[in-house]
Amino acid sequence: MKSSFRAGFAALVIATSGLASACLQSTEPQPSQLGLIGSWNYTGVQSGPVRETLTGTLTISRESGTSFQGQLILEAVNSQTGEQRVFNGPVSGSESGVDVIDFDADVESAPRRHVGTIVQDTISGTWIGSSSGGTMTSGTFRVERETR
């Protein structure tokens, strides 16, 4: 009976010490695994509901592990009327798979979610968002690292 009590107690001690160490993991920024910091030239097309061409700058200012944060400044030109508008906001994202970059840009009332593939100094893919009236917006994008 004593040996089964000791075995159970030892298992309990091991299990609770594992939980305690998991709770004590650092919240400090981790070394970057991405290498995205810097300025990127953004081009894109909003395909719906109104067609617009998009140009601007994506600036990545912080990285930790596979996550990053920054800022996106865009100019949109309505393809039919020529009307221009400028908007910007914070960006946060991560590498969600091998060479897949996934980030949200809070440039309007709701984030635009971008998912793209990175090849050397270029990320290209699609984005989707919604306007303040609930209308869905979508399009394509391409960002290229500015030469240093």
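When a residue number appears, it is its place in the shown sequence, counting from 1.
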To the nearest 0.5 angstrom, please state how far the CG atom of L34 sits from the OG atom of S94. 8.0 Å
Any donor-acceptor pair under 3.5 Å from E63 side chain to S67 backbone: no
Does one hydrophobic cluster hold both L72 and I37, with members joined at side-chain heavy-atom distances below 4.5 Å? yes
Given side chains that start at C-beta, do those of N78 and V50 come closer than 4.5 Å, heavy atoms only? yes
When rounded to the nearest 0.5 angstrom, what distance separates CG in L36 from CZ in F68? 6.0 Å
Run the side-chain donor-acceptor check on residues 115-126: report pairs under 3.5 Å with partners two or more places apart or on a different chain.
| from | atom 1 | to | atom 2 | distance (Å) |
| --- | --- | --- | --- | --- |
| D121 | OD1 | R145 | NE | 3.2 |

Could you check whether the rings of Y42 and F141 sit parallel, tilted or perpendicular, using 30° and 60° as the cut-offs? parallel
How long is the gap from OG on S61 to CD on Q71, to the nearest 0.5 Å? 8.0 Å
To the nearest 0.5 Å, how far apart are CG in N41 and OG1 in T57? 6.0 Å
Can you hop from I73 to V107 via hydrophobic side chains spaced under 4.5 Å? no
Quick check: is W127 connected to V100 through a chain of hydrophobic side chains (ILVMFWY, heavy atoms under 4.5 Å apart)? no
To the nearest 0.5 Å, what is the distance between CG (N88) and OG1 (T59)? 10.5 Å
Can you name the closest pair of heavy atoms from T135 and P49 and give their distance? CG2-CG, 3.5 Å
Walk me through it: do E75 and E52 pass the test side chain to side chain contact (heavy atoms under 4.5 Å, CB included)? CA-CA 9 Å; E75 178 183 62; E52 292 181 320; over 6 Å; no
Would you call D104-R112 a salt bridge at under 4.0 Å N-O? no
Can you tell me how far the OG atom of S96 sits from the CD1 atom of I101, to the nearest 0.5 Å? 7.5 Å
Verdict with supporting geometry, E144 and W40, side chain to side chain contact (heavy atoms under 4.5 Å, CB included): CA-CA 5 Å; E144 296 179 1; W40 298 72; 5.5 Å; no
Any residue meeting side chain to side chain donor-acceptor pair (under 3.5 Å) with R51, in chain and number order, not counting sequence neighbours: none
Following the transitive rule for hydrophobic clusters with a side-chain heavy-atom cut-off under 4.5 Å over Ile, Leu, Val, Met, Phe, Trp and Tyr, establish whether V143 and V45 coincide in one cluster. no
Closest non-hydrogen atom pair between G82 and V77, with its separation: O-CG1, 3.9 Å
Quick one: do L54 and T43 satisfy side chain to side chain contact (heavy atoms under 4.5 Å, CB included)? Show the steps, please. CA-CA 5 Å; L54 307 168; T43 57; over 6 Å; no
